[in-house]
Amino acid sequence: MAEPVDFCVFSVLVTGSDRGIGLGLVKRFLELPSPPKWVFATTLDLEGKETKELRELVCKHPNLVVMQLDVTKLESIQAAQNEVQKCVGEGGLTILINNAGTWDFNDLQTEVVKDITNVYAVNTIGPQQMSQAFLPLLKKAALRSPCQGLSSSKAAIINMSSVGGSIELMAYWDQYQIIGYRCSKAALNMLTRCQSHDDQASGIISIAIHPGSVKTDNNRIPEISVEESTQGIMTVLSKLCEEDNGAFVDWLGRPLPW
């Protein structure tokens, strides 16, 4: 693995971080030469077998806090926000990474209301509700930061998107139609653009990132490992600046078409 990227972050929250890209990002932040004072990792089930590795990490890293969170439930989001507030105080939340996501394999003929509603609830509405709930803490971080301009060391909303949400590219159509997922990620991209316009005056940068086609249990077309993806994402985050606000990029920082 490449050497850890060095950039300073007071606090970071990663949703959906009991496995895959979310867990990888938590590890990358913990590996930083100057790790955040607070790293918040979330999971649907604190006692589930997929949370075992996170629980083991907590024993090694006193700055890691693992929380139960369902991004589709406002009461769960509010409970997480309260816990984060107690920890960070006036320091605020530096980075919110909306990583929790889901999909199904429905095509145009098999897509049904129940499935597409669930996908939107997690992939689009979840990030919107998370961003709303944590906006006051992001604003606090931006206000207290000595950094000029916009950057991830000051305050950032990072929405984990997908090249599958690119209307121009229609990537992997022959392998995956996944209608609900594609539409939800295209909507997430628009949400990112809206956030970039609305939140920049508060010192918060917003971007959408495609993490690459990562080797997971559900991915039939893997291209890169979780480690490669998350190390690339960390490098992208460390270099974010004003002109990147509202961008849609991949794990190497390359611009993607909407």
Side-chain angles (χ1 to χ4, degrees), residues 14-16 21-22 25 71 95-108 111 115-132 135 138 149-152 155-214 219 221 223-224 228-230 232-258:
V14 186
T15 66
I21 295 163
L25 285 171
V71 300
I95 303 178
L96 169 62
I97 301 181
N98 288 311
N99 170 73
T102 189
W103 65 1
D104 57 50
F105 290 95
N106 293 342
D107 58 26
L108 284 168
E111 189 61 83
D115 291 346
I116 197 169
T117 299
N118 179 60
V119 171
Y120 262 84
V122 177
N123 294 358
T124 311
I125 301 171
Q128 162 65 3
Q129 293 186 141
M130 285 292 296
S131 300
Q132 282 180 324
L135 186 60
L138 289 160
L150 299 178
S151 73
S152 60
I157 297 173
I158 311 300
N159 292 323
M160 206 59 63
S161 186
S162 168
V163 70
S166 168
I167 295 172
E168 179 176 333
L169 291 180
M170 292 298 291
Y172 306 124
W173 178 257
D174 291 338
Q175 293 91 347
Y176 295 120
Q177 289 197 12
I178 50 174
I179 302 304
Y181 179 82
R182 289 179 182 276
C183 293
S184 71
K185 291 300 186 179
L188 180 63
N189 288 346
M190 174 55 82
L191 174 63
T192 305
R193 291 288 285 176
C194 293
Q195 290 170 333
S196 72
H197 283 272
D198 200 50
D199 297 336
Q200 61 179 338
S202 299
I204 303 167
I205 190 170
S206 302
I207 68 162
I209 294 184
H210 164 57
S213 183
V214 177
N219 196 346
I221 42 174
E223 294 177 347
I224 59 173
E228 289 173 299
S229 170
T230 53
I233 290 169
M234 292 295 286
T235 300
V236 171
L237 296 185
S238 72
K239 296 178 179 179
L240 289 181
C241 58
E242 202 114 10
E243 48 263 36
D244 299 313
N245 191 32
F248 178 28
V249 299
D250 70 6
W251 76 101
L252 294 176
R254 298 172 298 195
L256 292 171
W258 302 105

Discussion item. Could you measure the distance from the CD atom of Gln195 to the CD1 atom of Ile205? Nearest 0.5 Å is fine.
Written reply: 12.0 Å
Fill in: Atom of Thr102, atom of Tyr181 and distance for their closest heavy-atom approach
O-CD1, 3.4 Å
Worksheet item: CG/Leu240 to CD1/Ile209 distance, rounded to the nearest 0.5 angstrom?
Response: 6.5 Å
Worksheet, complete the sentence: Between the CG atom in Asp115 and the CH2 atom in Trp103, the distance rounded to the nearest 0.5 Å is 14.5 Å
Worksheet item: Which distance, rounded to the nearest 0.5 Å, do you find between the OG of Ser151 and the CG of Leu237?
Response: 10.5 Å
Item to complete: Indicate yes or no for a side-chain donor-acceptor contact from Ser229 to the backbone of Pro211 under 3.5 Å, with no hydrogens or angles considered.
Response: yes
Worksheet entry | Side-chain touch Val163/Asp250, heavy atoms, less than 4.5 angstrom | no
Worksheet item: Under 6.0 Å from the CD1 atom of Ile167, do we count more than 12 heavy atoms belonging to anything else shown?
Response: no
Item to complete: Over all heavy atoms of both residues, which pair between Asn123 and Gly101 is shortest? Give the atoms and the distance, please.
Response: OD1-CA, 3.1 Å
Worksheet item: Short question: side chain of Thr192, backbone of Gly246 - any donor-acceptor pair under 3.5 Å?
Response: no
Discussion item. Looking at Ile179, is its backbone amide N or carbonyl O close enough to the side chain of Asp107 to form a donor-acceptor pair, meaning the two atoms are under 3.5 Å apart?
Written reply: no
Worksheet item: Is the backbone of Ala208 close enough, under 3.5 Å, to the side chain of Asn159 for a donor and an acceptor to pair up by distance?
Response: no
Worksheet item: Less than 4.5 Å apart, any side-chain heavy atom of Ser202 and any of Leu138?
Response: no
Practice prompt. Could you grab the distance from atom CZ of Arg193 to atom CG of Asn245, nearest 0.5 Å is fine?
Written response: 8.5 Å
Worksheet entry | Value rounded to 0.5 Å, distance of CG in Leu25 from CE in Met160 | 5.0 Å
Fill in: Minimum heavy-atom distance Ser161-Lys185, with the two atoms named
OG-O, 3.8 Å
Practice prompt. Considering non-hydrogen atoms only, spot the tightest contact between Val249 and Pro255 and give its length.
Written response: CG1-CA, 4.1 Å
Practice prompt. Quick one: closest heavy-atom pair of Pro257 and Leu169, and the distance?
Written response: CG-CG, 3.5 Å
Discussion item. Would the distance check show the side chain of Thr124 and the main-chain N or O of Ser184 forming a donor-acceptor pair, the cut-off being under 3.5 Å?
Written reply: yes
Discussion item. Please find the pair of heavy atoms, one from Ser213 and one from Tyr172, that lie closest to each other, and give the distance.
Written reply: CB-OH, 3.9 Å
Discussion item. Could you check whether any side-chain N or O of Asp244 sits under 3.5 Å from a backbone N or O of Cys241, counting only pairs where one atom can act as donor and the other as acceptor?
Written reply: yes
Discussion item. Checking the side chain of Glu223 only, and the main-chain atoms of Gly212 only, is there a donor and an acceptor separated by less than 3.5 Å?
Written reply: no
Practice prompt. Give a yes or no on this: more than 12 heavy atoms of other residues, nucleotides or ligands lie within 6.0 Å of atom CE of Met190.
Written response: no
Worksheet item: Hey, is the main chain of Ile178 close enough, under 3.5 Å, to the side chain of Asn106 for a donor-acceptor pair?
Response: no
Fill in: Candidate pair Glu228 and Val214, rule side chain to side chain contact (heavy atoms under 4.5 Å, CB included), full reasoning
CA-CA 9 Å; Glu228 289 173 299; Val214 177; over 6 Å; no
Discussion item. For Asn98 and Val71: C-alpha separation, side-chain torsions, deciding distance, then whether side chain to side chain contact (heavy atoms under 4.5 Å, CB included) applies.
Written reply: CA-CA 9 Å; Asn98 288 311; Val71 300; over 6 Å; no
